[in-house]
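Numbering of ligands and ligand atoms starts at 1, following listing order.
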Amino acid sequence: MLKVAPYAAQAAATSGRVHREPAAQGRSEFQRDRDRIIHSSAFRRLEYKTQVFVNHEGDLFRTRLTHSLEVAQISRSIARQLNLDEDLTEAITLAHDLGHTPFGHAGQDALNACMKPYGGFEHNLQSLRVVDHLEQRYGGFDGLNLTFETREGILKHCSRKNALQLGAVAERFIKRRRPSLEAQLVNLSDELAYNNHDVDDGLRSGLITLEQLSTVPIFRRHRDIATQEFPKINGRRLVHETVRRMISTLVTDLTRQSAANIRAQAPKTVDEVRRAPALIAFSPRIEKQQLELKQFLRINLYQHYRVARMSSKARRIITELFNALLAEPKLLPPDFQVRARDDKPRAIADYIAGMTDRYAMLEHRRLFAVEPV
Ligand code: MG
């Protein structure tokens, strides 16, 4: 097994799993977590869940699955350079979006609104709920029984109220501590990946244009460098030559700045990392440029009227499904009816959150269409 730095999470010294199991053979505990996530059904569903564009809008747009794989590529390559645990980094990455509803953020907002009187809905908490409870594959326990370190990394944010209920995995939100460097890294790699692939998907969709993007300094600079090197390229090739340079600049900056922070703080153990300020970070200059790009995408892509139309439809589908199932829980599939006996709204939220985009649309038609489905 590859040796990691003393400040990295240590697989051999894991804080363990909720249900005791014999040690993993021929792989580390974090590798075993990663493997369990890949074999879960929630992971396979990511293929048909929206990132920004709904799955049926085009075969080439990112889905939650390809997004997660891109984040894994970025976070693992940085983890290796910083001597962090690559397997833990990958495990957290592949699980980070498991709790997402169908239809991206529009779906999450709609389900959260429906669940307001019943404790709310938050996709990040739901990712933890998927790996802790909802996957049903093992004889001895519900969920995937992952290590503390992977679960800690999945739980990116958490209110004090929820933290008090979740116990040890959420303790850091009460004690105001940081998670492992691996978890910090996944968080920033997620942002790095989606800012760049949303530029690419946005251009591919025609909702934003190269001219518009040229008003964003980080994009313009890298486009100019690409055209200097290849004066004759345009279209998709120019987009890719620009985006790959942006990713490279951001990855290099994140690696360098984080390495400098780690050197300055010199944590000797992961426990010292948890007590230190956040060490995985972009330099202030690049952070600012990335923020400009993010703002551009928010205004010009995420709020584009064609995205807004799909979001509005998604809100209606989720809200109508929720209300129909809440009024008549006997419409739920049998296993969810059993769960609904304990907590009806939560069982319905789990059912809806687990749907892929197309399953949600089909289920909506099954419940509401007058003509046969
Ligand atoms: Mg993500």
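- When side chains are defined from C-beta on, V186 counts as touching T89, because their heavy atoms get closer than 4.5 Å.
- Every side-chain contact (heavy atoms from CB on, under 4.5 Å) that R346 has, sequence neighbours left out, goes to M115, F121, R129, D343, D350.
- Defined by atom type and a distance below 3.5 Å, a donor-acceptor pair is present between the side-chain atoms of H222 and T249.
- Taking the six-membered ring for Trp and the full ring otherwise, H67 and H100 have centroids separated by 6.0 Å or more.
- There is no side-chain donor-acceptor pair under 3.5 Å between E122 and N112.
- Of all protein N/O/S atoms, those under 2.8 Å from the Mg ion (ligand 1) are H67 NE2, H96 NE2, D97 OD2, D190 OD1, and waters are not counted.
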Salt bridge (charged side-chain N to carboxylate O under 4.0 Å, His left out) evaluation trace for D357 with K49: CA-CA 5 Å; D357 297 352; K49 288 194 178 199; over 6 Å; no
